[in-house]
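Data block below; observations after.
Worth saying up front: this structure is predicted, and the values here are computed from it rather than measured.
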Amino acid sequence: MRDATTSGTKAALYDAFAASGKALASGKRLELLDLLAQGERTVDALAKAAGLNLTTASAHLQTLKQAGFVATRREGVRIHYRLAGEDVAQLFALLRKVAETHQAAVPAARDAYLGEDGAAEVTHEELRARVEAGEALLLDVRPAEEYRAGHIPGALSIPVGELAERIGELPEETEIVVYCRGEYCVLAYDAVRLLTGRGRRAIRLNDGMLEWRLAELPVEAGDLA
């Protein structure tokens, strides 16, 4: 028969589990995890990318650190944040999928955010086959620092904000496969809308860099292509 001491230790265990859940109970903290899944960043860079002031961004990051989801390193006066492990990226990806499947509000919110571009999608396997056969050009439309932190081999980098001015760098007759951060990243949708509006043939990878990494597919890092 269980005594009060055992019941108390069980409650403490489940409270410890719950602390992780509480750290995830913020849309902005999830957005910060999404950004960190692309690579290490400073507090300043994270605040800017997430549309937060420095004080708020730092508070959210401290909550994530206390829960063990992120780690830090110091370089002079700058603090750099990164995910504490690949399991954190896996948890984040699974949370999104579970929410989309079981939370009625998610599909409508997803569609309202991403919009419709009418583009076809390709899987990882289809993408690799098309690129290897020379049938498609792979375009990474994330910010340059994310590309440098890690990208799909062979991808050309043109951040979506520069795409309108640099569209002439893309071959006119080649199909363009666009990708960004992940399945719910609007940058690829915006890029496809821009490209097709300019008469280019553009389709999307059916997810993005987060899922590519989690599938343990090859990743390159370094300077822009």
Side-chain angles (χ1 to χ4, degrees), residues 31-42 45-46 48-50 70-73 75 78 80-94 96 119-171 173-192 194-195 200-225:
E31 186 176 352
L32 290 169
L33 290 179
D34 192 13
L35 291 166
L36 288 170
Q38 306 300 310
E40 183 182 71
R41 291 200 186 190
T42 64
L46 287 165
K48 182 178 179 180
V70 301
T72 60
R73 70 176 179 87
E75 187 178 76
R78 292 181 177 273
H80 297 255
Y81 280 83
R82 66 185 184 277
L83 293 187
E86 188 170 294
D87 53 353
V88 179
Q90 292 169 339
L91 174 63
F92 172 64
L94 181 59
R96 296 189 314 184
E121 294 183 333
V122 294
T123 65
H124 297 165
E125 293 76 16
E126 292 168 336
L127 169 64
R128 297 176 79 181
R130 291 191 191 196
V131 172
E132 288 172 5
E135 298 174 353
L137 179 146
L138 182 57
L139 181 63
D140 185 320
V141 296
R142 298 173 300 155
E145 63 269 24
E146 295 181 19
Y147 177 90
R148 286 192 292 266
H151 56 268
I152 299 175
L156 173 69
S157 171
I158 302 182
V160 68
E162 302 174 13
L163 187 54
E165 295 180 357
R166 297 176 58 188
I167 195 170
E169 299 176 25
L170 302 172
E173 303 302 324
T174 303
E175 181 177 70
I176 301 167
V177 181
V178 181
Y179 78 92
C180 57
R181 291 168 179 152
E183 183 178 355
Y184 304 90
C185 177
V186 75
L187 304 181
Y189 284 76
D190 288 344
V192 167
L194 189 154
L195 290 167
R200 302 303 181 93
R201 290 189 297 129
I203 62 177
R204 275 183 284 99
L205 183 62
N206 66 345
D207 43 41
M209 198 64 216
L210 170 63
E211 294 83 2
W212 184 273
R213 285 182 183 274
L214 292 178
E216 299 184 346
L217 293 169
V219 175
E220 290 181 348
D223 294 336
L224 305 182

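Nearest heavy-atom pair, Asp140 versus Ala155, reported as atom, atom and distance to 0.1 Å: CB-CB, 4.3 Å. Of all the heavy atoms in Gly39 and Ala149, the pair that sits closest is CA-CB, 4.2 Å. Here the closest non-hydrogen pair linking Ala144 and Pro159 is N-CG, 4.0 Å. The minimum heavy-atom distance between Pro143 and Leu187, with the atom names listed, is CD-CD1, 4.2 Å. Residue Val219 comes nearest to Met209 through the heavy atom pair CG2-CE, 3.7 Å, listed as atom of the first residue, atom of the second, then distance. For the pair Leu137 and Pro171, the tightest heavy-atom approach, listed with the atom from each and the gap, is CD1-CD, 3.7 Å.
Within the 4.5 Å cutoff, side-chain heavy atoms of Asp34 are placed close to those of Arg96. Taking 4.5 Å as the limit, every side-chain heavy atom of Leu32 sits out of range of all side-chain heavy atoms of Tyr81. In this structure, the side chains of Arg181 and Leu35 come closer than 4.5 Å at one or more pairs of heavy atoms. Between Ile158 and Glu165, the closest side-chain pair of non-hydrogen atoms is not below 4.5 Å. In this structure, Pro153 and Pro218 have side chains that are in contact, with non-hydrogen atoms separated by less than 4.5 Å. Considering only heavy atoms from C-beta on, Leu170 comes within 4.5 Å of Leu195 through its side chain. Between Arg128 and Leu217, the closest side-chain pair of non-hydrogen atoms falls below 4.5 Å. In this structure, the side chains of Val178 and Leu138 stay at 4.5 Å or more apart for every pair of heavy atoms.
Within the model, atoms NE2 of His80 and CD of Glu40 stand 6.0 Å from one another, a figure rounded to the nearest 0.5 Å. To the nearest 0.5 angstrom, Gln38 atom CD is 12.0 Å from Leu33 atom CG. One finds the CZ atom of Arg201 at 7.0 Å from the OG1 atom of Thr174 (value rounded to the nearest 0.5 Å). Note that CG of Asp207 is 10.0 Å distant from CG of Leu127, once rounded to the nearest 0.5 Å. Distance check, rounded to the nearest 0.5 Å: CD of Glu162 to OG of Ser157 gives 7.5 Å.
A donor-acceptor contact shorter than 3.5 Å is absent between the side chain of Glu86 and the backbone of Leu214.
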Before you tell me yes or no, could you show the steps for Val122 and Asn206 under side chain to side chain contact (heavy atoms under 4.5 Å, CB included), namely the whole-Å CA-CA distance, both residues' side-chain angles and the distance that decides it to 0.1 Å?
CA-CA 6 Å; Val122 294; Asn206 66 345; over 6 Å; no
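Under the ring pair (Phe, Tyr, Trp, His ring centres under 6.0 Å) criterion, His124 pairs with Trp212, sequence neighbours left out.
Judged by the 6.0 Å and 45° rule, Arg204 forms no cation-pi pair with Tyr179.
Checked for salt-bridge contact, Glu175 and Arg200 miss the test: no charged N lies under 4.0 Å from a carboxylate O. Using a cut-off of 4.0 Å between Lys/Arg side-chain N and Asp/Glu carboxylate O, Glu132 and Arg130 are scored as not salt-bridged. A salt bridge links Glu169 with Arg166; the closest basic N to acidic carboxylate O contact falls under 4.0 Å.
For the pairing with Leu139, the side-chain contact (heavy atoms from CB on, under 4.5 Å) check across Val160, Val177, Leu205, Leu163 returns one residue only, Leu163.
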